[in-house]
There are 2 protein chains.
Amino acid sequence: MSLDHALLVSLLEKPSSGYELARRFDKSIGHFWHATHQQIYKVLARMEEAGWIESEVHRGETAPDRKVFAVTPAGRSALAEWITEPSPIDRARSELMIKFRAAAFDDPRKLLPALAEHRAEHGTLLAAYRANEAKEFSGHDRPLSPQQELQYQVMKLGIAFEETWIAWCDETQALIHRIAPTPSATATKETS
Amino acid sequence: MSLDHALLVSLLEKPSSGYELARRFDKSIGHFWHATHQQIYKVLARMEEAGWIESEVHRGETAPDRKVFAVTPAGRSALAEWITEPSPIDRARSELMIKFRAAAFDDPRKLLPALAEHRAEHGTLLAAYRANEAKEFSGHDRPLSPQQELQYQVMKLGIAFEETWIAWCDETQALIHRIAPTPSATATKETS
DNA sequence: TGTTGCAATGCAATTTGTTGCATAGTAAGA
DNA sequence: TCTTACTATGCAACAAATTGCATTGCAACA
């Protein structure tokens, strides 16, 4: 399973509680994986059982107690072993794309709202990436360390995907207006 | 569930047997979804039960019998209803990216073989897309129908993603050689 | 004639992932 | 004070997906 390893990496980058991991994985900025808190707690329990991680309870005077997990040497070597295993190609899955294929047999204008939403969400994601990029990887005096370069490289793929999405959304919106003009759009065109 | 609808669309585009669907979904050319045959047979059975699709057994004289499914009017309207439902943003999931994040704490050179494999597979996929593009969407006298334009637009996103992947793989390979030169690469450089 | 491989369909067991709910404390505001 | 919202953890039930196996029939090849 990959969630195990995704969590291990995240914990390697920064020891955290399940709650923190859940928030990071929910936003999924630069993580390339996603999970809900229920799943995360389950996997953390399993990995602690297996000795890949260990926890320390941080008593919060004001906040609730937090169970902070850190990767053990055993976890580290499990990870090291895992990266040498062959990894299958990751298939893009997109519900929106299925809807577009379906809309080819129906009215594509029905998808304009969804398209606008996706465009907005990808825009937000890209902005978040850009902010992170500026904060962590540029404007420093020193050149980036090899570790940072790699982390940056992963982020770059995320950025490239968001840009691809955004360009596609814009193109597609224009296409729909061209092939299936809405009455109001037609009216606007005619009265202008 | 989306697999139901992905199969419905696929059957709308072309009535097929479970086996055919499995092959198409396995190659995942322009499909944006994926499933194994076991899962597909299960979902087909469920959808036939629900009246969304109906089957006709084609006796093969030489080949084995095929159970060919086609979408019913009920299935069609289920699809029409589904496309108006809000669709959550699709999160990119990539095992390879997790491995890169892990490799930042280990030796990134370990990922060079996996990187080359991914590069090759995305290259193959892109070539398949391009071949399909040429066959179905260009070189025709007539301009594309609105339906074709939409199908082409979906394919374009697939193409864009493959191109993004390929460019990233190439960049990353160069990066790894730069930050963690292999002994042989260094030797090559020094002797050249 | 046996073996390998492919087309075609499916069951069963297991693992992953989702949905719904529960609990408990803090903090802020109506 | 009551309600709302957020931090923090988790269980249980269910749905979806994967893995492993099984069967039948044909075709090609040694």
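By convention in this document, chain letters (A, B, ...) are assigned in the order of the sequence lines, proteins followed by strands, and residues within each chain are numbered from 1. Computed from a predicted structure; not experimentally measured.
The distance between atom CD1 of B:I40 and atom C1' of C:dA7, rounded to the nearest whole Å, is 15 Å. Rounded to whole angstrom, the span from the CG atom of B:L44 across to the P atom of C:dT9 amounts to 9 Å. Rounded to an integer number of Å, the gap from A:L21 CG to D:dT9 C1' is 13 Å. Separating the CE atom of A:M47 from the P atom of D:dG10 is a distance of 13 Å, rounded to the nearest angstrom. Spacing between atom NE2 of B:H58 and atom P of C:dT9 amounts to 11 Å, rounded to whole angstrom units. A straight line from NE2 of B:H5 to P of D:dA15 spans 16 Å, rounded to a whole angstrom.
Between B:H122 and B:W165, the ring-plane angle classifies as parallel under the 30° and 60° cut-offs.
The hydrophobic clustering, which links ILVMFWY residues whose side-chain heavy atoms are closer than 4.5 Å, places A:M97 and A:I179 together.
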Each nucleotide of nucleotides 15-21 of chain C classed B (base within 4.0 Å of a protein heavy atom), S (only sugar-phosphate) or -, in 5' to 3' order, makes -SBBBBB
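Partners of B:A50 under the side chain to side chain contact (heavy atoms under 4.5 Å, CB included) rule, at least two apart in sequence or in another chain, are B:W52. When the ring-ring contact (aromatic ring centres under 6.0 Å, His included) test is applied to A:F25, the partners found at least two apart in sequence or on another chain are A:H31. Every residue two or more places apart in sequence or in another chain that forms a side chain to side chain contact (heavy atoms under 4.5 Å, CB included) with A:S2 is listed here: A:W33, A:W82, B:E95. In this structure, A:T124 has no side chain to side chain contact (heavy atoms under 4.5 Å, CB included) partners at least two apart in sequence or on a different chain. Residues passing the side chain to side chain donor-acceptor pair (under 3.5 Å) test with B:S16 are B:R24, sequence neighbours excluded. The side chain to side chain contact (heavy atoms under 4.5 Å, CB included) search around A:T84 returns B:K110, not counting sequence neighbours.
Cluster partners of A:I89, by chain and number: B:I29, B:L125, B:L126, B:Y129, B:F137, B:L144, B:Y152, B:M155, B:I159, B:I166. The rule joins Ile, Leu, Val, Met, Phe, Trp and Tyr whenever side-chain heavy atoms lie under 4.5 Å apart.
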Please tabulate, one pair per line, each protein N/O and nucleotide N/O from nucleotides 6-8 of chain D that are separated by under 3.5 Å, including the distance.
from	atom 1	to	atom 2	distance (Å)
D:dT7	OP2	A:Y19	OH	2.9
D:dT7	O5'	A:Y19	OH	3.4
D:dA8	O3'	A:D65	O	3.4

Side-chain donor-acceptor distances from residues 113-120 of chain A under 3.5 Å, at least two apart:
from	atom 1	to	atom 2	distance (Å)
A:H118	NE2	B:S87	O	3.2
A:R119	NH1	A:D170	OD1	3.0
A:R119	NH1	A:D170	OD2	2.7

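Residue pairs meeting the ring-ring contact (aromatic ring centres under 6.0 Å, His included) criterion with at least one member in residues 90-111 of chain A, sequence neighbours excluded, are A:F100-A:W168.
Axis angle across the helix from C:dT1-D:dA30 to C:dA30-D:dT1, with five pairs used at each end and values rounded to 10°: 10°.
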